[in-house]
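We number each residue from 1, following the sequence as shown. Atoms within a ligand are numbered from 1 in the order they appear, just like the ligands themselves. FYI, side chains are in, hydrogens and waters are out, and symmetry mates aren't considered; it's all heavy atoms of this structure.
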Amino acid sequence: MDELIQEAARSILGSKLTIALTGAGISVESGIPDFRSRGGLWDRFDPDEYATINSFKRSPEKVWEMLREMEETIDAAETNEAHTGLAELERMGLLQTVITQNVDNLHQEAGSRDVIEYHGNSRSLTCLWCNNSYDYKEKKGEYPPRCECGKILKPDVIFFGEAIPFDAMTRSTQLASTCQVLLIIGTSAVVFPFNLLPRQAKQAGSKIIEINLEKTALTDHIIDIFLQGKASVKVSQLVSVVRELRGG
Ligand code: NAD
Ligand code: ZN
């Protein structure tokens, strides 16, 4: 097995606090395109027009055309070995928390228990007018879904221009500034303020491992071990070496 994987596995085994940061790339092999994929959602729906809170307030029907497609894509997606590998590391007591930008619930479906949803989730909906909240299953198949007051509901995903949920932000900052190993998987790490977390970890002296198909803005600056390749492949290799080294 490759030397870098061995080194990454040894770091995880020697660490008192390891956390993972994940982004759209970890769910690409589950069938959910990331921002960059050709033909993906964001090729056809310009985020400036569809993903800002002002665009939702201005024309919720139009934004729901994109949300509907996103919801159908997420419904059809299944976890892959990167999600299940992280859940296994947590069960082994070697991974504290997954902090994800994804809104697809796949970490939880794979068995991860401590998941911070930095950009919210798509499983509940809120009325911006009367603050009523609904489980998405109650409104399934209704496009656009409406509150009992008649207004169009917004999923609890964080749109550009909205604040990050307070608890998610404070807990993530606290974990990033105390972890000894940080695993960054499938994120370009350009979205603010999520992109501050890797630097906070670096400043606190954490070892940083990155798994990505290609180099990102972080790779040549703060990454200690870059594992280039598919998330599913690299995470499963890492987990099997960890298992091997700890003898079980
Ligand atoms: P991004 O699209 O900016 O970057 C994705 C990264 O993943 C890229 O660096 C790419 O090289 C890498 N990647 C792609 N396929 C991969 C694979 N199979 N294995 C390893 N790496 C792979 O995504 P981001 O940084 O997460 O930012 C996108 C924003 O859009 C986030 O805010 C997120 O909330 C949202 N989003 C979420 C989902 C989801 O919930 N699954 C999907 C698309 C976008
Ligand atoms: Zn309402």
Enquirer: Measuring from L183:CG to I19:CD1, what's the distance to the nearest 0.5 Å?
Expert: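 Rounded to the nearest 0.5 Å, the CG-CD1 separation comes to 9.5 Å.
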Enquirer: Taking salt bridge (Lys or Arg N to Asp or Glu O under 4.0 Å) as the cut-off, I'd like each qualifying pair that reaches into residues 163-174, sequence neighbours left out, listed once.
Expert: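 As it turns out, the salt bridge (Lys or Arg N to Asp or Glu O under 4.0 Å) pairs with a partner in residues 163-174, which skip direct neighbours, are D114-R171.
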Enquirer: Among all residues two or more places apart in sequence or in another chain, which pass the ring pair (Phe, Tyr, Trp, His ring centres under 6.0 Å) test with Y134?
Expert: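 Per chain and number, Y134 pairs via ring pair (Phe, Tyr, Trp, His ring centres under 6.0 Å) with no residue.
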Enquirer: Which residue and non-hydrogen atom of the protein lie closest to atom 13 (N) of ligand 1, and at what distance in Å?
Expert: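 The answer is G25 CA, 3.6 Å.
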Enquirer: Against heavy atoms of P33, which atoms of ligand 1 measure under 4.0 Å?
Expert: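 Ligand 1 atoms under the 4.0 Å threshold to P33: 42 (C), 43 (C).
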Enquirer: What is the nearest protein non-hydrogen atom to atom 1 (P) of ligand 1, stated with its residue, atom name and distance?
Expert: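 Here the nearest protein heavy atom works out to S188 OG, 3.6 Å.
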Enquirer: For H83 and T22, test the side chains for any donor-to-acceptor distance below 3.5 angstrom and give the result as yes or no.
Expert: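 Per modelled atom types, H83 and T22 side chains form no pair under 3.5 Å.
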Enquirer: Counting non-hydrogen protein atoms only, what is the nearest one to atom 29 (C) of ligand 1? Give residue, atom name and distance.
Expert: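 The answer is F35 CE1, 3.2 Å.
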Enquirer: Do T216 and E210 have a side chain donor and acceptor closer than 3.5 Å?
Expert: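 Per modelled atom types, T216 and E210 side chains form a pair under 3.5 Å.
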Enquirer: For atom 26 (O) of ligand 1, what is the nearest protein heavy atom, given as residue, atom name and distance?
Expert: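 Checked against all protein heavy atoms, atom 26 (O) of ligand 1 sits closest to A24 N, 2.7 Å.
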Enquirer: Looking at ligand 1, does any of its N/O atoms fall within less than 3.5 Å of an N/O of I211?
Expert: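 It does not: no N or O of I211 is found under 3.5 Å from an N or O of ligand 1.
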Enquirer: Number the atoms of ligand 1 from 1 as they appear, then name those within less than 4.0 Å of a heavy atom of I32, with their elements.
Expert: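 Answer, ordered by atom number: 41 (N), 42 (C).
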Enquirer: Below 4.0 angstrom from a heavy atom of D104, which ligand 1 atoms are there? Numbered from 1 as shown, please.
Expert: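 Those qualifying, in numeric order: 39 (C), 40 (O), 41 (N).
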Enquirer: Do ligand 1 and K230 have nitrogen or oxygen atoms that lie under 3.5 Å from each other?
Expert: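 Between K230 and ligand 1, no N or O pair is found under 3.5 Å apart.
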Enquirer: So if I count the atoms of ligand 1 from 1 in the order they appear, which ones are less than 4.0 Å from some heavy atom of A231?
Expert: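 With A231 as reference, the close atoms of ligand 1 come out as 17 (C), 19 (N), 20 (C).
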Enquirer: Based purely on interatomic distance, does V103 place a nitrogen or oxygen under 3.5 Å from a nitrogen or oxygen of ligand 1?
Expert: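 Yes, at least one N or O pair falls under 3.5 Å.
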Enquirer: Pairs of nitrogen or oxygen atoms closer than 3.5 Å, one from T216 and one from ligand 1: do any exist?
Expert: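 Looking only at distances, the answer is no, because the N/O contact criterion of under 3.5 Å is not met.
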Enquirer: Roughly how far apart are D34 CG and S188 OG, rounded to 0.5 Å?
Expert: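 Answer rounded to 0.5 Å: 8.0 Å.
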Enquirer: Distance only, no hydrogens: is a donor on one side chain within 3.5 Å (strictly under) of an acceptor on the other, for N80 and S30?
Expert: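 Result is yes, a qualifying pair exists.
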Enquirer: I need the nearest protein heavy-atom contact for atom 11 (O) of ligand 1: residue, atom name and distance, please.
Expert: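 Residue, atom and distance for the closest contact: N212 OD1, 2.7 Å.
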Enquirer: Strictly by salt bridge (Lys or Arg N to Asp or Glu O under 4.0 Å), give each pair with a member in residues 184-202 just once, sequence neighbours left out.
Expert: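 As it turns out, the salt bridge (Lys or Arg N to Asp or Glu O under 4.0 Å) pairs with a partner in residues 184-202, which skip direct neighbours, are K202-D224.
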Enquirer: Nearest to atom 15 (N) of ligand 1, what protein heavy atom do you find, and at what distance?
Expert: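 The closest heavy atom on the protein side is L213 CD1, 3.5 Å.
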Enquirer: Relative to the ring of F194, is the ring of H119 parallel (under 30°), tilted (30 to 60°) or perpendicular (over 60°)?
Expert: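 H119 and F194: tilted rings.
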Enquirer: Taking only heavy atoms of G186, which atoms of ligand 1 are found under 4.0 Å from at least one of them?
Expert: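 What qualifies from ligand 1 is 5 (C), 6 (C), 7 (O), 21 (N).
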Enquirer: Counting from 1, what ligand 1 atoms have a heavy atom of G229 closer than 4.0 Å?
Expert: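 Per the distance check, 19 (N), 20 (C).
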Enquirer: Under a 4.0 angstrom heavy-atom cut-off, which atoms of ligand 1 come close to G23?
Expert: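 Those qualifying, in numeric order: 26 (O).
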Enquirer: What atoms of ligand 1 come within less than 4.0 Å of a heavy atom belonging to A189?
Expert: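 Once the distances to A189 are compared, the set is 25 (O).
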Enquirer: Give a yes or no on whether a salt bridge exists between R123 and E117, defined as a side-chain N under 4.0 angstrom from a carboxylate O.
Expert: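 Yes, charged N to carboxylate O under 4.0 Å.
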Enquirer: Have a look around the Zn ion (ligand 2) and list protein N/O/S atoms under 2.8 Å, or say none.
Expert: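 Atoms qualifying: C127 SG, C130 SG, C147 SG, C149 SG.
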